[in-house]
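A quick write-up on the structure given underneath.
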Amino acid sequence: MPTSWKKSPDDFHKIYIANTEAFYKAGNRQYSAELDEFMRRSAMGLWSHSVAVTDDHVAVMNQIYSRGNQPPSYMLWTLTSAVCETTDFLPPVFFWNLAEEDVKHRRENSRIFIRMFTNILLYLAATDDDVTFAEAEFITDCIDKLTLICDTTGVRNTKDALNPMDFVTSIAPGFKEKHPAVPATSGGETPAVAPEEPKEEEKPSLDELMAQLDALVGLEAVKKDVKSLINLVKVRKLRQENDLPVPPMSLHMVFTGNPGTGKTTVARLMAGLYAAIGVLSKGQLIEVDRSGLVAGYVGQTALKTQEVIKSALGGVLFIDEAYSLASGGENDFGREAVETILKAMEDHRDDLIVIVAGYDGPMEKFISSNPGLESRFNKYLHFPDYNGEQLLAIFKLQCDKNGYTLTPESEEKARAMFTEMYENRDDNFGNGRDVRNCFEDMVVTQSNRVAELESPTKDDLMAVLPEDFEMPKPEEEKD
């Protein structure tokens with residue numbers, strides 16, 4: 001049969017066994033039959049977003065069975081029919097039981113199951129030659145639904161427990177197999193070691209970065225799109241590792257929205273996420289605007305822009321208010337910066353991602369102003385304004401971070417203030433920036449109040465009262 005897998009379907013079965021056995025070792029083999037059936041249904045749901053079911057899908061489907069269980073026997077017509085009849089993804093009943101057992105016995109096997117499920121689904125998405133964003137979205141939705149069950153039942157989640165390196169995801173040889181000459185140690189032996197070289201700063205893991213993304217206030221649609229992009233890129237990496245063709249895909253993005261909506265924060269996280277999965281070599285974020293790219297004399301803009309690009313190689317170049325580069329006339333030096341950036345995006349397409357950001361309308365005009373921009377920027381993420389409750393949540397995070405405590409009365413005062421701020425917002429609304437300004441104003445007023453106390457306690461120093469949100473009027477300051 002013509003197959004897209006350079007490795008045989010039997011090799012996929014080894015991958016499936018390696019991942020399921022990692023889960024079963026935690027004492028969950030009683031779920032093996034239900035798990036196999038669930039994974040087959042999930043494969044059908046995933047492939048319902050593919051172009052068509054082929055013999056490749058049939059061959060891989062027939063390898064979805066755990067050690068000791070019977071393999072299925074699908075044919076092309078039966079699998080095609082089953083895929084067409086697939087309904088929405090539903091978590092299996094045994095997963096609820098698993099989560100409840102974890103809470104009772106203080107374990108986290110349900111989260112290990114999610115990691116195993118994700119690994120296998122990513123390999124299944126790599127079966128055909130057309131990896132779609134819809135497939136990546138399906139994987140994201142499945143993971144979100146399973147994670148919600150863990151969160152609902154109260155399954156604990158320690159940072160170290162789900163390190164991806166703790167799970168076998170391929171049939172690649174381990175370190176000892178690759179380096180048999182490295183001696184093993186046992187007992188109290190201490191192997192001879194060479195002098196330590198200066199260590200590079202430890203980068204956050206993929207799990208840590210995803211946790212930071214989830215912790216952001218609001219931005220639910222943005223978070224979902226980011227997770228889907230990461231899943232899509234993971235599948236592309238798997239296909240490359242299996243010597244499969246990978247259709248061209250631009251990872252450059254357009255972030256639209258008002259100031260203070262988290263665009264820079266998400267760009268920084270994406271730089272780290274892409275580095276964590278091996279798309280970028282470093283993962284740093286270089287943030288610039290027009291002033292950081294455009295010079296005042298002919299010929300200098302290209303050199304200035306090239307220096308910025310050089311510092312961004314291996315990471316993300318984030319250009320805020322990018323539309324200002326095309327706001328001048330035909331002789332504006334901003335156009336030279338754009339052409340230099342477009343050339344760099346082509347020359348360094350394997351180790352440079354460019355994200356341009358700004359207000360919705362001007363950004364649309366900017367992208368349409370140059371055919372090169374239109375062809376390279378085809379993924380848009382919109383960052384909506386924060387509502388009153390979200391502004392309050394950001395404010396409370398600032399208070400917690402800096403050691404301030406809101407009384408119930410002051411929290412209601414803040415809620416009313418931010419609700420009014422959101423409902424009366426105009427074109428100058430700063431979202432998170434306005435929250436930061438409010439926090440700084442509150443700190444000044446609270447400090448003035450506490451300074452008048454004779455012997456303020458620690459609680460006095462931390463407490464925020466309703467009057468701390470009232471800024472003194474100029475006449476009062478003079479008195």
Side-chain angles (χ1 to χ4, degrees), residues 148 151-152 211-226 255-269 320-321 357-361 381-479:
L148 180 61
D151 295 340
T152 302
Q212 292 178 35
L213 177 69
D214 285 330
L216 295 179
V217 175
L219 303 178
E220 298 307 322
V222 171
K223 294 176 187 177
K224 182 176 180 180
D225 280 348
V226 170
F255 286 4
T256 63
N258 290 328
T261 48
K263 296 188 290 293
T264 305
T265 300
V266 172
R268 183 174 292 107
L269 285 173
D320 199 13
E321 297 182 351
Y359 292 103
D360 297 48
L381 294 186
H382 176 69
F383 290 69
D385 287 336
Y386 292 111
N387 60 34
E389 282 298 321
Q390 292 168 340
L391 294 172
L392 175 63
I394 296 172
F395 183 80
K396 291 170 68 175
L397 287 174
Q398 285 288 318
C399 290
D400 291 341
K401 179 181 177 182
N402 292 279
Y404 289 93
T405 304
L406 292 170
T407 65
E409 295 79 12
S410 58
E411 182 170 335
E412 284 306 310
K413 178 83 172 181
R415 176 178 283 104
M417 179 179 70
F418 289 122
T419 299
E420 181 181 3
M421 180 185 293
Y422 172 74
E423 292 176 349
N424 296 326
R425 68 191 187 282
D426 55 20
D427 292 340
N428 297 318
F429 181 52
N431 286 282
R433 297 178 188 177
D434 285 350
V435 173
R436 184 171 63 246
N437 292 337
C438 290
F439 175 78
E440 292 172 355
D441 290 342
M442 180 276 293
V443 170
V444 171
T445 307
Q446 193 259 12
S447 298
N448 290 336
R449 176 179 60 78
V450 173
E452 295 179 356
L453 300 177
E454 185 173 343
S455 298
T457 65
K458 181 178 179 181
D459 289 341
D460 291 330
L461 293 170
M462 297 176 63
V464 178
L465 304 181
E467 55 263 36
D468 295 331
F469 293 102
E470 301 292 340
M471 292 298 295
K473 297 180 181 179
E475 296 80 10
E476 296 173 342
E477 290 177 344
K478 290 179 182 179
D479 294 340

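Below 30°, between 30° and 60°, or above 60°: for Phe439 and Tyr404 the angle between ring planes is above 60°, a perpendicular geometry. Using bins of under 30°, 30° to 60° and over 60° for the plane-to-plane angle, the ring pair Phe395/Phe418 lands in the tilted bin.
With sequence neighbours left out, the side-chain contact (heavy atoms from CB on, under 4.5 Å) criterion links Glu440 to Arg436, Asn437. Applying the salt bridge (Lys or Arg N to Asp or Glu O under 4.0 Å) criterion to Glu409, with sequence neighbours excluded, gives no partner residue.
The side-chain contact (heavy atoms from CB on, under 4.5 Å) test with Phe383 is passed by exactly one of Thr256, Val222, Thr265: Val222.
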Task: Evaluation steps, salt bridge (Lys or Arg N to Asp or Glu O under 4.0 Å), between Glu220 and Lys224 - done: CA-CA 6 Å; Glu220 298 307 322; Lys224 182 176 180 180; over 6 Å; no

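A donor-acceptor distance shorter than 3.5 angstrom exists from the side chain of Lys223 to the backbone of Gly218, with no hydrogens or angles considered. In this structure, the side chain of Glu423 does not engage the main chain of Glu420 through any donor-acceptor pair within 3.5 Å.
The shortest non-hydrogen separation linking Cys438 to Met421 is SG-CE, 3.5 Å. Across all their heavy atoms, Pro384 and Thr261 have their closest contact at O-CG2, 3.4 Å. Between Asp460 and Ser455 the shortest heavy-atom distance is OD2-O, 4.4 Å.
Comment: Arg449 does not engage Glu470 in a salt bridge, judged by the lack of any side-chain N to carboxylate O separation of less than 4.0 angstrom.
Side chains of Asp385 and Asn258: a donor-acceptor N/O pair is present below 3.5 angstrom, by distance only.
Rounding to the nearest 0.5 Å gives a distance of 9.5 Å between CZ of Phe469 and OG1 of Thr445.
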